[in-house]
Amino acid sequence: MRYSELVEVCEEIEATTKRLEMTDSLVKLFKKTPAELIDKVIYLIQGKIYPDFVGIKLGIAEKLAIKAISQAYGVDKNEVLRDFKRLGDLGTVAKELAAKRTQAVLASAPLTVERVHETLDEIARASGARSQEAKIGLLAGLLADATPKEAKFIVRTVTGKMRLGIADMTILDALAIAYTGEKENRKHIERAYNTSSDLGDVAKTLATSGLEGIKNYKIRVGRPIRMMLAQRLASADEILNKLGGEAACEWKYDGERIQIHKKGKEVILFSRRLENITEQYPDVCATVREHVQCNEAIIEGECVAVHPDTGELLPFQELMHRRRKYGVEDAAKKFPVSLFLFDVLYIDGEDLTQQEYIVRRKKLEEIVRCDERIRLTEMLRTSDLSEVERFFEHAIEAGCEGLILKALNGVYQAGARGWLWIKLKRSYQSKMVEPIDVVVVGAFHGRGRRSGSYGALLAAVYDKENDVFTTISKVGSGFKDEDLENLPKMLSPYEIEHVHPRVKSEIEADVWFTPSVVMEIIGDELTLSPVHTTAFGKIREGAGIAVRFPRFTGRWRFDKSPEDATTVEEIVEMYKSQLKKVE
Ligand code: ATP
């Protein structure tokens with residue numbers, strides 16, 4: 001298949017912000033794609049070569065790409081750099097330079113999807129002493145044979161700047177239409193996706209075995225299952241009612257969620273963003289090997305930092321010490337963790353996700369030999385409100401964030417934030433009951449003491465229904481000096497020239513970002529606002545919802561993707577429950 005066919009569609013998608021138009025373009029592309037190539041096509045349009053969990057990533061340095069462009073087109077490096085400064089996008093630079101060499105391109109064979117994928121794979125894998133030269137050579141070779149448009153997308157792909165903003169859900173829609181003729185069938189395809197987190201593999205199954213193949217799609221150890229998440233309500237009373245009067249109350253630990261895949265002696269750990277984080281926790285892997293007594297298993301738990309001397313639970317921030325490339329063994333000794341298991345999804349060939357909570361919990365008890373490093377979460381099964389409240393106080397005292405109440409007969413809803421798990425968190429003095437997670441979409445230059453950094457960030461929440469981000473607040477308080485100093489550097493990789501197509505803003509920021517970085521903020525209350533676009537018109541005509549007196553809590557939520565931010569729906573619920581309390 002010609003790479004140019006894929007590039008044509010990328011151009012179309014780049015030119016639109018409408019999800020339906022994107023879907024149409026994708027359907028057209030999928031229909032043209034041979035079954036054996038559909039996985040590669042899907043990864044490439046998302047700017048990847050593999051699903052994220054595989055951990056083989058592109059993203060070569062701009063400096064390196066500049067060298068490759070200069071080599072491919074026989075242009076001096078400084079000239080490439082000058083063009084880059086002028087145009088702000090290396091892809092466009094490559095496109096312009098390639099356009100001047102049309103003759104050469106006509107002489108060479110057209111690029112195929114296979115060749116592009118294979119070469120990008122080689123670039124990503126090149127390692128060792130002479131890997132830089134190897135990467136430059138490979139990339140230059142590809143660019144030399146590319147048309148101008150192809151060059152643009154190749155450069156954007158290798159530098160990790162593809163950013164077409166195609167959401168997974170849009171691809172699922174397009175797959176359903178292209179292969180089954182009906183969008184209705186997306187639910188089956190989505191289930192398969194939730195089971196494997198691998199859009200390419202799902203698409204290939206669909207293309208080769210049809211809807212039947214998708215309906216039979218099975219869990220496999222080594223492929224992360226998309227995680228089940230919790231809803232929130234403000235009181236224990238409401239939660240118990242919602243869960244039918246009785247529930248399993250579990251402590252909500254303040255750590256990092258881990259999905260553990262065990263196959264014999266091999267253990268793989270996936271983060272909440274489904275990235276492979278096995279290397280960060282060699283101690284957890286060893287504990288699992290020793291204490292989980294079955295051959296194959298997929299289990300979930302919260303990994304919590306504990307005090308090396310007292311065993312007390314420590315806050316989430318302490319896990320930062322583990323986010324390093326070198327010296328992990330040492331860090332593991334100095335900053336120990338305990339694992340609190342709360343679910344099991346698979347044991348020795350048996351998919352348990354459709355079993356009831358109580359059945360899964362019992363199985364989990366059966367396979368884990370507990371000690372101080374690995375045990376099950378504290379759990380109380382009750383229908384008595386005062387018992388729930390006491391249990392909650394205990395959890396808080398022990399350093400937890402609150403409770404998660406779970407439906408006794410609930411299945412494991414992969415990839416969903418449903419009402420089978422409902423969290424109850426500690427309330428703050430202010431009327432805004434709890435912090436929210438927002439995505440940084442823009443920034444405003446600072447003045448005075450803050451000149452050179454940003455004075456405030458423009459924050460947005462996730463509008464799931466429309467798959468966009470809507471602004472909710474301008475956050476300028478709560479930053480420590482070192483936070484402020486780091487802001488420009490931390491955010492620069494996401495900087496773009498215009499407001500991102502998936503961001504809805506009425507406010508003009510000085511700098512715009514691709515929605516990527518998630519931070520936690522708290523405010524005094526939620527108010528109606530004519531300038532913010534969150535839930536616009538949903539409560540009152542001409543107004544959205546905003547956070548009043550917002551401040552950063554100090555927590556960057558590096559473990560969350562932008563789509564994991566607080567949703568508009570949740571904000572509307574919070575706004576309404578706040579009104580109830582005032583009444
Ligand atoms: P928050 O922002 O409140 O930390 P979240 O958005 O990360 O929550 P939620 O769906 O709100 O995710 O809450 C579920 C998270 O709580 C899980 O992802 C997990 O990391 C954590 N957790 C702690 N204890 C438990 C438990 N006993 N059962 C399930 N999840 C738990």
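The chain is numbered in sequence order, starting from 1. Atoms within a ligand are numbered from 1 in the order they appear, just like the ligands themselves.
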Checklist entry - Where is the nearest protein heavy atom to atom 8 (O) of ligand 1: which residue, which atom, and how far? => result Lys423 NZ, 3.5 Å
Item to check | Contact (N/O only, under 3.5 Å) between Trp251 and ligand 1 | outcome: yes
Checklist entry - For the residue pair Phe558 and Phe316, does the interplanar ring angle fall in the parallel (under 30°), tilted (30 to 60°) or perpendicular (over 60°) class? => result parallel
Next on the checklist: Applying the side chain to side chain donor-acceptor pair (under 3.5 Å) criterion to Arg502, which one of Asp467, Thr514, Thr17 satisfies it?
Outcome noted: Asp467
Checklist entry - Can you tell which of Ile404, Leu408, Leu403 makes a side chain to side chain contact (heavy atoms under 4.5 Å, CB included) with Lys406? => result Ile404
Next on the checklist: Check the orientation of Phe53 and Phe270. Use parallel for under 30°, tilted for 30 to 60°, and perpendicular for over 60°.
Outcome noted: perpendicular
Next on the checklist: I'd like to know if Lys425 contacts ligand 1, where contact means a heavy-atom distance under 4.0 Å to any ligand atom.
Outcome noted: yes
Checklist entry - Going by the angle between their ring planes, with limits at 30° and 60°, are Tyr43 and Tyr50 parallel, tilted or perpendicular? => result tilted
Checklist entry - According to the interplanar angle, ranging from 0 to 90°, do the rings of His321 and Phe335 count as parallel (below 30°), tilted (30 to 60°) or perpendicular (above 60°)? => result parallel
Next on the checklist: Using a plain distance cutoff, I'd like to know if Arg272 has any nitrogen or oxygen under 3.5 Å from a nitrogen or oxygen of ligand 1.
Outcome noted: yes
Item to check | Which of the ligand 1 atoms, numbered from 1, are nearer than 4.0 Å to a heavy atom of Trp421 | outcome: 29 (C)
Next on the checklist: Could you tell me, atom by atom, which parts of ligand 1 come under 4.0 Å of a heavy atom of Leu229?
Outcome noted: 10 (O)
Next on the checklist: So is Lys560 touching ligand 1 or not, going by heavy atoms under 4.0 Å?
Outcome noted: yes
Next on the checklist: Quick one, Asp384 with Thr382, criterion side chain to side chain donor-acceptor pair (under 3.5 Å). Give me CA distance, side-chain angles, the key distance, then yes/no.
Outcome noted: CA-CA 6 Å; Asp384 181 335; Thr382 183; 5.4 Å; no
Checklist entry - Which residue from Glu520, Glu378, Lys406 reaches closest to atom 29 (C) of ligand 1 through any of its heavy atoms? => result Lys406
Next on the checklist: Considering non-hydrogen atoms of the protein only, which is the closest contact for atom 19 (C) of ligand 1, and what is the distance?
Outcome noted: Glu302 OE1, 2.9 Å
Checklist outcome for this item: ligand 1 to Thr377, heavy atom cutoff 4.0 Å, flagged ligand atoms 27 (N)
Checklist entry - Should Glu250 and Arg361 count as an ion pair when the cut-off is N to O under 4.0 Å? => result yes
Checklist entry - Quick one: does Glu300 get a heavy atom under 4.0 Å from ligand 1? => result no
Next on the checklist: Side chains of Asn194 and Gln413 only: does a donor on one sit below 3.5 Å from an acceptor on the other?
Outcome noted: no
Next on the checklist: Any heavy atom of Arg417 closer to ligand 1 than 4.0 angstrom?
Outcome noted: yes
Checklist entry - N/O of Ala230 under 3.5 Å from N/O of ligand 1, yes or no? => result yes
Checklist outcome for this item: Checking heavy-atom distances from atom 24 (N) of ligand 1 to each of Tyr253, Phe340, Phe316, the winner is Tyr253
Checklist entry - Which ligand 1 atoms does Asp437 reach within 4.0 Å, using its non-hydrogen atoms? => result 2 (O)
